[in-house]
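All remarks here apply to the structure that follows.
Lettering of chains follows the sequences in order, A, B, ..., and the numbering in each one begins at 1.
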Amino acid sequence: MDFSLGEDRQMLVDTLGRFLAGNFDWKTRETVIETAEGWSRPVWAQLAELGVIGALFDEASGGFGGSAFDIGVVFAEVGKALAVGPFLGTLLAGRALAATGETALLEQAIAGEVTLSAALDSDAAQGVADGEGWALTGTQPVVPFAASADRIVVAARTGEGPSLFLIEKGAPGIEIRDYPLIDGGAAGELMLDGAAATLLGQAGEAGAIIEEAVAAGLVALCWEAVAIMDSLKVQTLEYLRTRKQFGVAIGKFQALQHRMATLALEIEQARSSAINAADRFAKGRLEREKAVSAAKFTIGRVGSLAAEEAIQMHGGIGMTWELPLSHYAKRLVMIGHQLGDEDMHLERFIALGQDALATAS
Amino acid sequence: MDFSLGEDRQMLVDTLGRFLAGNFDWKTRETVIETAEGWSRPVWAQLAELGVIGALFDEASGGFGGSAFDIGVVFAEVGKALAVGPFLGTLLAGRALAATGETALLEQAIAGEVTLSAALDSDAAQGVADGEGWALTGTQPVVPFAASADRIVVAARTGEGPSLFLIEKGAPGIEIRDYPLIDGGAAGELMLDGAAATLLGQAGEAGAIIEEAVAAGLVALCWEAVAIMDSLKVQTLEYLRTRKQFGVAIGKFQALQHRMATLALEIEQARSSAINAADRFAKGRLEREKAVSAAKFTIGRVGSLAAEEAIQMHGGIGMTWELPLSHYAKRLVMIGHQLGDEDMHLERFIALGQDALATAS
Amino acid sequence: MDLSFTQEDEAFRAEVRAFLQDKLPARLSDKVRKGQRLTKADMEEWHAILNARGWLANHWPVEWGGTGWSVMQRFIFETEVALAHAPRIVPFGLSMLAPVLIKYGSEAQKKHWLPRILDGTDWWCQGYSEPGAGSDLAALKTSAVREGDHYVVNGQKTWTTLGQYADMIFCLVRTDNKGKKQEGISFLLIDMKTPGIEVRPIKLLDGDYEVNEVFFTDVRVPVENLVGEENKGWTYAKYLLTYERTNIAGVGASMAAFERLKQVAATQRRNGRPLAQDPQFAARLARLEIDLENMKTTNLRVLAAAGAGHAPMAESSMLKIRGTEIRQQISDLMRRAAGVHAQPFVTEALEEGFNGPAVGPDFAAPAASHYFNYRKLSIFGGSNEVQREIISKAILEL
Amino acid sequence: MDLSFTQEDEAFRAEVRAFLQDKLPARLSDKVRKGQRLTKADMEEWHAILNARGWLANHWPVEWGGTGWSVMQRFIFETEVALAHAPRIVPFGLSMLAPVLIKYGSEAQKKHWLPRILDGTDWWCQGYSEPGAGSDLAALKTSAVREGDHYVVNGQKTWTTLGQYADMIFCLVRTDNKGKKQEGISFLLIDMKTPGIEVRPIKLLDGDYEVNEVFFTDVRVPVENLVGEENKGWTYAKYLLTYERTNIAGVGASMAAFERLKQVAATQRRNGRPLAQDPQFAARLARLEIDLENMKTTNLRVLAAAGAGHAPMAESSMLKIRGTEIRQQISDLMRRAAGVHAQPFVTEALEEGFNGPAVGPDFAAPAASHYFNYRKLSIFGGSNEVQREIISKAILEL
C-alpha cells in the first residue's frame with residue numbers, strides 16, 4: 001500500500017503549483033473572472049505547454065498520464081489556486097473523444113490549440129440522422145465555457161439509444177445563452193435546433209462512455225473540493241489565531257476549538273473518499289461507480305459544512321468579496337451542484353448497492 | 001390564545017405529582033420493576049381513586065376529562081416520576097372501548113377494578129366468525145403488561161377489514177410469553193391460536209377507531225417524553241454545576257455550555273411539538289395525524305439527542321444503574337420505539353402531506 | 001390550553017389582509033416574491049403606505065403614534081405582511097432607535113425625531129460594530145471628545161446596513177477611557193451630512209452592496225444630540241439589543257419562503273419525478289416543515305408569556321438561533337432545488353423589470369445569492385454563538 | 001498511489017484466515033456474532049489459542065515474543081480476527097501494561113511479568129481513574145507512602161474494567177503532593193490478593209457488570225513493583241495512553257458489525273418492505289457505509305505514515321472519535337431495526353446456550369443493551385471531548 005504520489009506526479013504537482021502561484025495569483029483571478037470569456041487564454045496556453053492538459057489523458061490518446069490520480073492532483077492544484085478555465089469541459093470531452101478514437105482532435109486540445117467543452121446529459125437532446133451527418137435538437141444546461149469552446153461533445157438520445165456527437169462553434173442551429181457563474185468562470189445554455197453534428201463512435205452505445213467520463217469528472221471535482229477545504233481550514237485557523245475579541249484570540253474559545261476539530265476530522269474523511277474514488281476508478285464498473293458516488297456525497301456533505309463554518313467563524317468579514325475566503329466557499333458549495341449533488345449521489349449509492357445484491361443473488 | 005393549563009387541570013397535575021412523589025419514589029420504583037408483574041397494584045388502585053385513570057376519558061365514557069391536554073398532563077407526570085404501570089394500555093384500550101360504546105367495562109377500568117391492555121396492529125392477527133363469537137389467530141408483539149391484563153383489546157383483520165375484539169384473561173387459545181422491559185415495566189408476546197373473542201363495534205370498521213386511539217397514545221408518549229427530557233436537562237445541569245475537573249465546574253467549559261444551549265433549545269421545540277399534537281387532536285383527521293406524526297418524529301429525534309448528551313456529559317457515572325439518570329435515558333430512547341419510530345413518522349408525515357395535496361387538487 | 005386565535009384576532013387578521021390586498025402594490029410584492037433587489041424608493045414607498053394607515057409604528061406607545069395592539073396582534077400583523085410578500089420595513093429608526101428615544105430620550109428629542117421617523121424625513125442607520133469590536137461590542141474605540149457645545153468624533157464604524165442611503169446615524173462612541181470598557185460609552189445621534197463623514201460600501205460575496213464602513217474625521221456633533229447621560233450609553237445599547245422583539249424568529253418570513261419552497265418542490269423535477277417525491281429532498285423538506293411548525297408554537301408561547309407580563313429575555317436568544325437556522329435552511333433547500341442552475345449568476349435577473357430569457361427555472365436566479373447572503377443571519381444581531389452564551393448564562397445558569 | 005494490499009499482505013491474510021477457520025472455536029464466534037455475554041473462560045480460551053500460535057503479542061518486540069509484523073500486517077490481522085467474530089483480546093496486560101514494561105521496566109520485571117501475560121497466569125486490570133479524576137486524570141489522589149521496602153497504598157480507583165477477574169492491577173498512585181499535580185505520580189504493580197483490597201462491581205445501565213470500584217486500605221506493595229522511577233509515573237501513563245495503537249478506530253470490529261447490520265436490513269421488514277428499501281433507513285445505512293469506507297482509508301493513511309516512520313499522535317484522536325462514533329451508530333441502527341422488539345429485556349437470551357423461545361427477530365435481544373452499553377465508547381479511553389482538545393492543541397495549534 002502506497003499513499004505517496006510518486007516522483008513523476010509529485011513533479012507535476014510542484015510545477016503546476018508554482019506556475020499557478022506565479023501566473024494566476026489572486027489579482028489575476030479577480031481580473032480574469034470579470035472578463036467576458038471568464039478565463040485566460042494565455043494562461044491556458046502556458047498550462048498546455050507545461051503538459052498539464054496532457055496529464056489528464058493517457059499516452060494512447062496523446063497525453064502523458066490519464067490515471068485517476070493524475071486527474072486528481074491536477075484538479076487539487078486548480079482548487080488550491082481557485083483557478084478558472086475549461087478544465088472540467090476539457091476533461092469530460094477529452095475522455096469521450098479518447099474513448100471513441102478521436103485522438104487527433106484531442107491532441108490539438110492537449111496542445112492548447114483547440115478549446116473543448118462537454119454537455120453529457122443524453123436526455124436533454126435528441127439526435128436524428130441527416131444525410132451523411134446528424135441533426136441535434138434540445139437544450140443542454142450550464143455547459144462549462146460553452147461560448148468559448150471550439151468544439152463541444154454533446155450527448156443526445158437517438159433511436160438507437162444514448163449517443164455522442166461533436167458540434168462545431170458557429171454551426172447553424174446552435175445558440176448559446178452565456179453568463180458568468182457565481183463561483184467564477186462562465187457557462188452557457190446550449191440551445192440546439194437541428195444543429196449539424198458528427199457522430200462519435202457508434203449510435204446508441206455511448207452509455208458506458210458517458211458514465212466513465214462523468215466518473216473521471218467526479219474524481220476531478222472531489223480532489224478540487226478537498227484542496228479548497230484545506231485552504232478554507234488554513235485560512236480559518238489563521239484567522240482564529242490572530243483575531244482577538246474579549247482580549248484573547250478567538251481560537252482560544254473552546255466551543256470554536258471543538259467545532260474546528262470536528263471540521264478537521266471531516267475533511268480527512270473527505271480526503272479519504274477522494275482517494276478511494278481515484279483508487280477504484282480503474283476497477284470494475286460497480287466498484288468505480290459506488291466509490292465516485294460515495295465520494296461526491298461526502299464532498300457535498302462536508303463541503304457545505306466547511307464553507308458554512310469557515311464563514312461563520314470569520315463573522316462579517318467572511319462574507320466580503322474582498323476576502324478570498326468567500327470565493328473559496330462559493331466554489332466549494334457550487335462543486336456540490338456539478339455532476340449530481342449530495343442527495344442524488346446518496347440515492348445512486350443505495351441503488352448501486354441494490355444492483356450489487358441483485359447480481360450476487 | 002391560552003397556554004395555561006387551566007385550574008382543574010392544574011389541580012390534577014399537582015395532585016398526581018404530589019402522589020407520585022410520595023408513593024412512587026425512586027426506592028419504590030426500584031423494587032417494583034424487579035417484581036414479576038413489573039408494576040404496583042396498590043399504587044394503581046390509589047391512582048384510580050384519585051381520578052387519574054378517569055382523567056384520560058370523557059364524561060360520556062365514565063371519565064372526568066378525556067381531552068388531549070388531559071392525557072398530556074397525566075403522562076407528563078408519569079414521565080417526571082418515571083412511573084411504571086398499565087397507563088398506555090389502559091389509554092389505548094379505553095379509547096377503543098369508548099368509541100365502540102363499551103362503557104361498562106371502561107368504567108370498571110376507571111375504578112381500578114379491571115386491568116386493560118391493547119394490541120392494535122390489525123395486520124398481526126386474523127379473526128373469523130365462530131358461532132356467536134369470533135376466533136383470533138396470530139401474534140401481537142410487545143403488548144404492554146399483557147400477562148397482568150384482565151382484558152385485552154385486540155385488532156385483527158377479518159373478511160370485512162380491520163376489526164376490534166375483546167379477549168379475556170385465561171381464555172383457551174391464548175398464550176402469553178411475558179418478559180420485563182429494558183426501560184422498566186413488563187410486556188408480552190400475545191400468541192393467539194383460535195382464541196375466543198368478542199367483537200367490538202362493527203366488523204371491518206375499526207380503522208378510524210384504531211387510528212384515533214393510537215393518536216391519543218402518541219400524544220401521551222410525546223408529553224411523557226418531554227417531561228423526561230426536562231428531567232434529564234435538570235439532572236445534567238445540576239451535574240455540570242457541581243462536578244469539578246481541572247479545578248473548575250465542568251459547566252464552565254464553553255464547548256459543553258454551547259451543547260447544553262442547543263439541547264435546551266431542542267427540548268423547547270419538542271415541547272412545542274407535543275403541544276401542537278394535543279391542540280390538533282380535536283381537529284380534522286388530517287390535521288390531527290400530521291401533528292401527531294410531526295410530534296413523534298420530533299420526540300424521537302430530540303429524545304435520542306437528549307439521552308445521549310445527558311449520558312455523555314455525565315461521563316461514566318451516567319452509565320450506572322445506580323443513577324436515576326440512566327433509567328430516564330433508557331425510557332426516553334425506548335419511547336422512540338413505541339407506536340412507530342422517528343423514521344416511520346417522518347415517512348408518514350410526508351405521505352399525509354401528499355394525501356393533502358391530492359385531496360386539494 | 002387553547003392555541004386558536006380569538007375571534008377578535010381573526011377579525012384583526014381579516015382587516016390586515018384586506019389592507020394588504022388593497023394597498024400593497026403588486027409591483028413591490030412581485031419583486032419580493034421573485035427575490036429581486038429592492039431599491040431605496042421601494043422601501044420608502046411601503047414605509048409611507050404603512051404610515052398613512054397608522055400601522056407603521058405599531059409597537060410604539062399610543063401617545064407617539066403606536067397602535068395599542070396586543071403582542072398577538074403584532075405577531076399576526078407581521079406574519080400577514082410577510083406572507084403577502086411586502087418589502088421589509090427598515091428597522092433602524094423605527095424599531096431600534098425609537099424605543100431607545102422613547103425610554104431614554106429628552107422630550108425635545110422625542111418631539112423632534114419621532115415624527116421624522118414616521119414620515120420618512122430621516123433614514124437612520126446604526127453605528128455599533130467596529131473593525132475591532134464585533135461580538136465584543138463594548139471594545140469599541142470611536143471617540144467623542146467634548147469641545148464646548150459639540151462632541152468631536154473620530155473613528156470608524158462598520159457593517160452599517162443600508163448606510164449608503166442614510167440621513168442620520170445613531171452611534172455608540174467612547175467618551176471615557178478610564179474604568180471598565182462598558183463604562184465610558186455614550187449614545188450619539190449624528191447627521192450623515194456633517195463634514196468629516198465618509199461612507200464606503202462593502203461588496204459582499206453575492207456581489208451586492210448592503211453594508212458599509214463609515215469613517216469619522218473630526219466630525220462635530222451638537223451636544224443636544226447626546227441621548228440620555230454621557231457614559232451611560234451601554235445601558236441604552238443593551239436595551240436596544242434585548243428590546244422585546246416579537247418578530248426575532250422571523251416566523252412570518254420563513255412561512256412565506258417555505259410556501260414558495262413547497263411550490264418549487266412540487267414542480268421542479270429530478271430523476272423523472274418532482275423533488276417533493278425524491279426521498280432525500282422530501283425528507284429535508286418534511287424535517288424543515290416540522291421544525292418550522294414547532295418554532296411557530298415556541299414563538300407563540302414566548303409571546304403569550306410576554307402578554308402575561310413575563311419579559312422574554314434569553315428566550316429570544318432561542319428564537320433568534322432557531323429562527324435564523326430555519327431561514328438559512330430554506331435558502332439552502334432552494335439552492336439545492338435549483339440543481340445545476342444554481343451556478344449561473346445573471347445579476348440583471350435580480351433587478352426589477354428584467355426581460356431577458358430566463359436561465360433555468362425562474363426561482364433559480366437568486367437561489368445561490370440568497371443562500372450565501374443569508375449566512376449573515378447567524379452572524380449579525382448578536383452571532384448565534386453569542387446567543388448560546390446568553391442562553392447558557394441566563395437560562396441554564398452555567 | 002496504490003491502495004491495493006501487496007501480494008505478501010494477501011498471502012498473510014490467507015494465512016490468518018486459514019488459522020481462524022481452523023482454530024477459532026465455533027462456540028465462541030457464535031456467541032460473539034449473537035452478541036451474547038462472554039465469560040472469563042471464553043476470553044482465556046481465545047487468549048491461549050492465539051498464544052499457542054505465537055500471534056498473541058504481535059505488537060511486542062520479537063525478543064519478547066512479538067511477531068515482527070508490519071503495521072499493515074497487524075491491521076490485516078486485527079481486521080480478520082474481528083470479521084471472524086473472535087472474542088475480544090483483553091488488552092490490559094497485553095497492550096497496555098506490556099509496552100510500558102518493555103520501555104520503562106527493569107530487566108527483572110520484564111522477565112517476570114511478560115511471560116505470565118502471554119501464558120495467562122496473570123489477568124491484569126487498570127487502576128487509572130478515580131471518582132474525582134476522570135478526564136482530569138492527573139488529579140488522582142490514591143496515595144502510596146514508602147515504608148521500608150514496601151509502599152502502603154490507600155485510596156480508591158474506579159471504572160476498572162473486568163477487575164472482578166483480575167489477578168493483578170497496574171496503578172497510578174501519588175507518591176508526592178508537592179509541585180504540579182503531574183509530578184509526584186508513580187506507577188505501581190499490585191497483587192489483587194493483597195490484604196486491604198476490595199473490589200465492588202458496578203452495575204451498568206444494561207444490567208451487566210463489567211467495571212468495578214477498587215478500594216485500597218493500607219495495602220502493602222513491595223518496592224520492586226514500582227515501574228521506572230518514583231514520581232515519574234505520569235510519563236509512563238501518557239506513553240500508555242498515546243501508545244501507537246493501530247486498532248484504535250476499531251475498523252475491523254465495525255466492519256463485522258456493519259455486515260451483520262446489512263444482513264438484518266435485507267431481511268427485517270417495515271411497512272411491507274425490507275428495511276434496506278425503507279427510504280429513511282436506507283439513507284442512514286448508506287451514510288454509515290460511506291463513512292466507514294472513508295474511515296478505513298483514513299486509518300490506512302495513518303498506518304502508512306506510521307510505517308514510514310511518522311509517529312501518529314493526534315491523528316489517533318481523530319481515529320478514536322470517528323471510530324467510536326461509527327461503532328455507536330451501528331448499534332443505534334441495530335436497535336432501530338429491532339423496532340418494538342428493542343424493549344423486551346430477556347437477559348437469559350444473552351447467555352450461551354439459551355434455548356427459550358426467541359422474542360422477535362434473533363438480532364433484537366441484545367440490540368438495546370448494546371446501544372446503551374456502547375455509550376461508553378465515547379466516554380472511556382479519553383472521552384471524545386478530551387480527544388477534541390488534543391486535536392485542537394496538537395494538530396490545529398489553537
- Query: Based on non-hydrogen pairs under 4.5 Å, which of A:Lys233, A:Lys290, A:Met260, A:Gln257 is most in contact with chain D?
  - Reply: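 Answer, by heavy-atom pair count under 4.5 Å with chain D: A:Gln257.
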
- Just give me the residue among A:Arg271, A:Arg9, A:Lys252 that pairs up with chain D most often, heavy atom to heavy atom, under 4.5 Å.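 Most heavy-atom pairs within the cutoff with chain D belong to A:Arg271.
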
- Output yes when a side-chain donor or acceptor of D:Thr297 lies under 3.5 Å from a complementary backbone atom of A:Ser272, and no otherwise.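 Between the backbone of A:Ser272 and the side chain of D:Thr297 there is no qualifying donor-acceptor contact (under 3.5 Å).
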
- Message: If we ignore hydrogens and angles and just use 3.5 Å, is the side chain of D:Glu397 paired with the main-chain N or O of A:Leu237 as donor and acceptor?
- Response: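 No, the answer is negative, given that no donor and acceptor are paired below the 3.5 Å cut-off.
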
- Does A:Asp58 CG have over 12 foreign heavy atoms under 6.0 Å away?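 Buried by this count: over 12 neighbours within 6.0 Å.
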
- Task: Determine whether more than 12 heavy atoms belonging to other residues, nucleotides or ligands lie under 6.0 Å from atom NZ of A:Lys244.
- Result: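 Count not over threshold, so no.
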
- Query: So which of D:Arg287, D:Met72, D:Lys262, D:Glu385 has the biggest tally of heavy-atom pairs under 4.5 Å with chain A?
  - Reply: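 Of D:Arg287, D:Met72, D:Lys262, D:Glu385, D:Arg287 has the most heavy-atom pairs under 4.5 Å with chain A.
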
- Of all of D:Ile391, D:Ile321, D:Leu300, which one pairs up most often with chain A through heavy atoms under 4.5 Å apart?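 Top count of heavy-atom pairs under 4.5 Å with chain A: D:Leu300.
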
For [X], is it the side chain, the backbone, both or neither that has a heavy atom under 4.5 Å from a heavy atom of chain D?
X        : result
A:Ser4   : backbone
A:Gln354 : side chain
A:Phe3   : both

Quick one: [atom1] on [X] to [atom2] on [Y], what's the gap to the nearest 0.5 Å?
X        : Y        : atom1 : atom2 : answer
A:Asp279 : D:Ser4   : CG    : OG    : 6.0 Å
D:Leu396 : A:Thr236 : CG    : OG1   : 11.0 Å
D:Thr6   : A:Met1   : OG1   : CE    : 8.0 Å
A:Asn276 : D:Glu293 : CG    : CD    : 6.5 Å

- Side chain, backbone, both or neither: which part of D:Lys296 has a non-hydrogen atom closer than 4.5 Å to chain A?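 No part of it gets close to chain A.
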
Are any non-hydrogen side-chain atoms of [X] and [Y] less than 4.5 angstrom apart?
X        : Y        : result
D:Arg388 : A:Thr262 : yes
A:Leu265 : D:Gln387 : no
D:Ile290 : A:Leu346 : yes
D:Arg322 : A:Glu266 : yes
D:Leu398 : A:Arg241 : yes
A:Gln269 : D:Met318 : no

- Do NZ/NE/NH1/NH2 and the carboxylate oxygens of D:Arg301 and A:Glu268 come within less than 4.0 Å?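 Judged by the 4.0 Å cut-off on N to carboxylate O distance, D:Arg301 and A:Glu268 do form a salt bridge.
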
- Message: Does D:Leu3 form a side-chain contact (heavy atoms from CB on, under 4.5 Å) with A:Arg280? I'd like the steps, not just the answer.
- Response: CA-CA 9 Å; D:Leu3 274 66; A:Arg280 313 292 193 268; 4.2 Å; yes

- Apply side-chain contact (heavy atoms from CB on, under 4.5 Å) to A:Leu5 and D:Met1, showing your working. CA-CA 5 Å; A:Leu5 291 180; D:Met1 287 214 184; 3.7 Å; yes

- Query: Which pair of heavy atoms, one from A:Ile350 and one from D:Ala286, lies closest together, and at what distance?
  - Reply: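 Closest approach of A:Ile350 to D:Ala286: CG1-CB, 3.6 Å.
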
